[in-house]
Amino acid sequence: MTLDCTRLRKIGTLALALAMTPGLATALEESVVAVPSGMPVTFYDALWDASAAIERFRFLAPQIGGATPRSFDEVAADMQHLCDSFALPRLGGAEVIPSLIVISLMAEPVAHGESTPEIRQYFEAYSPRNGVCVWEAF
């Protein structure tokens with residue numbers, strides 16, 4: 001098997017040009033979500049539970065973990081913001097609107113439903129009503 005160096009060089013040049021083009025973002029950059037606290041938060045995934053009509057939006061928030069983690073009180077407004085400005089707009093095209101939206105922040109990636117007491121996670125639940133997220137006791 002031989003490598004076509006000219007072709008590889010062209011592909012590399014194209015990749016470099018695309019990476020340097022203003023206005024084009026990587027998938028990671030596109031998943032970064034601004035929050036009121038200013039801490040870095042990235043969208044991780046969304047999970048639909050049809051049997052309970054619950055949509056879960058999960059975000060990575062490394063600053064809630066580590067040696068000096070942010071407290072729940074410090075990020076509660078961020079969670080409301082994520083529901084109002086991130087989750088709700090993504091429900092517009094859904095065939096079934098969930099009865100509950102769960103926003104979760106995790107210091108590190110965690111498999112859904114897996115118990116990981118060493119990784120800090122915060123959860124809040126909201127009902128989508130009249131275009132806003134209404135906090136529900138969880």
Side-chain angles (χ1 to χ4, degrees):
M1 174 181 202
T2 60
L3 292 176
D4 182 349
C5 292
T6 303
R7 185 170 182 198
L8 285 175
R9 208 172 302 126
K10 286 180 182 177
I11 292 170
T13 302
L14 177 60
L16 180 61
L18 288 173
M20 296 177 65
T21 303
L24 291 180
T26 66
L28 180 60
E29 290 168 333
E30 289 176 357
S31 65
V32 172
V33 183
V35 293
S37 71
M39 77 172 169
V41 172
T42 25
F43 173 65
Y44 187 74
D45 65 9
L47 304 168
W48 170 246
D49 179 350
S51 65
I54 297 173
E55 183 87 24
R56 299 174 194 282
F57 289 86
R58 302 184 333 134
F59 299 87
L60 286 174
Q63 290 184 5
I64 68 168
T68 55
R70 289 186 183 238
S71 70
F72 180 82
D73 290 340
E74 290 178 90
V75 301
D78 293 348
M79 296 177 83
Q80 178 73 49
H81 177 78
L82 289 167
C83 189
D84 289 330
S85 67
F86 189 90
L88 276 180
R90 284 156 179 80
L91 299 179
E95 290 180 22
V96 177
I97 300 298
S99 59
L100 201 63
I101 297 170
V102 175
I103 302 292
S104 63
L105 299 178
M106 48 191 168
E108 299 173 30
V110 174
H112 175 67
E114 196 171 288
S115 177
T116 52
E118 69 279 6
I119 299 175
R120 185 177 305 246
Q121 298 180 71
Y122 296 140
F123 302 89
E124 276 295 6
Y126 304 88
S127 294
R129 290 190 207 142
N130 301 319
V132 296
C133 288
V134 177
W135 177 77
E136 298 289 341
F138 194 54

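Being a predicted model, the structure only gives us computed values, none of them experimental.
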Exercise for the section: Report yes if the side chains of Ile101 and Leu88 come closer than 4.5 Å at any heavy-atom pair, otherwise no. Expected result: yes
Completion exercise
Pro128 and Pro98 have their tightest heavy-atom pair at CG-O, 3.3 Å
Handout entry: Single-linkage hydrophobic cluster Leu105~Trp135, side-chain heavy atoms < 4.5 angstrom
Key = yes
Practice task
Looking only at non-hydrogen atoms, find the nearest pair between Gly66 and Pro69 and report the distance.
Solution key: O-CD, 3.4 Å
Practice task
For Ser127 and Glu136, test the side chains for any donor-to-acceptor distance below 3.5 angstrom and give the result as yes or no.
Solution key: yes
Completion exercise
In terms of heavy-atom contacts, Val41 and Ala61 come closest through CG2-CB, 4.2 Å
Practice task
Let me know which of Asp49, Ile54, Leu47 forms a side-chain contact (heavy atoms from CB on, under 4.5 Å) with Val102.
Solution key: Ile54
Practice task
Measure the shortest side-chain to side-chain distance between Gln121 and Thr116 over non-hydrogen atoms and say whether it is less than 4.5 angstrom.
Solution key: yes
Exercise for the section: Answer yes or no: is there a donor N or O on one side and an acceptor on the other, between the side chain of Gln80 and the main chain of Cys133, under 3.5 Å? Expected result: yes
Handout entry: CG-OG distance between Leu82 and Ser104, expressed to the nearest 0.5 angstrom
Key = 10.0 Å
Fill in the blank from the handout: Given the options Tyr126, Phe59, Tyr44, Phe86 meets ring pair (Phe, Tyr, Trp, His ring centres under 6.0 Å) only with Phe59
Problem - Distance (rounded to the nearest 0.5 Å) between Arg70 CZ and Met39 CE - result: 6.0 Å
Exercise for the section: Measure across Glu124 and Met79 and return the closest heavy-atom pair with its distance rounded to 0.1 Å. Expected result: N-CE, 3.5 Å
Problem - From Leu91 atom CG to Cys83 atom SG, the distance as rounded to the nearest 0.5 Å - result: 8.0 Å
Practice task
Give a yes or no answer on whether the side chain of Arg120 reaches the backbone of Ile64 with a donor-acceptor pair at less than 3.5 Å.
Solution key: yes
Completion exercise
Heavy atoms of Glu108 and Leu60 approach each other most closely as C-CD2, 3.5 Å
Exercise for the section: Can you see which heavy atom on Ser85 is nearest to which on Arg90, and at what distance? Expected result: O-NH1, 4.2 Å
Practice task
Would you kindly confirm whether Phe72 and Met106 end up in one hydrophobic cluster when ILVMFWY residues are joined by side chain heavy atoms under 4.5 Å apart?
Solution key: no
Problem - side-chain contact (heavy atoms from CB on, under 4.5 Å) assessment of Asp78 paired with Ile103 - result: CA-CA 10 Å; Asp78 293 348; Ile103 302 292; over 6 Å; no
Completion exercise
When rounded to the nearest 0.5 Å, the distance separating CG of Leu100 from CZ of Arg56 is 8.0 Å
Exercise for the section: Give a yes or no answer on whether the side chain of Ser99 reaches the backbone of Ala53 with a donor-acceptor pair at less than 3.5 Å. Expected result: yes
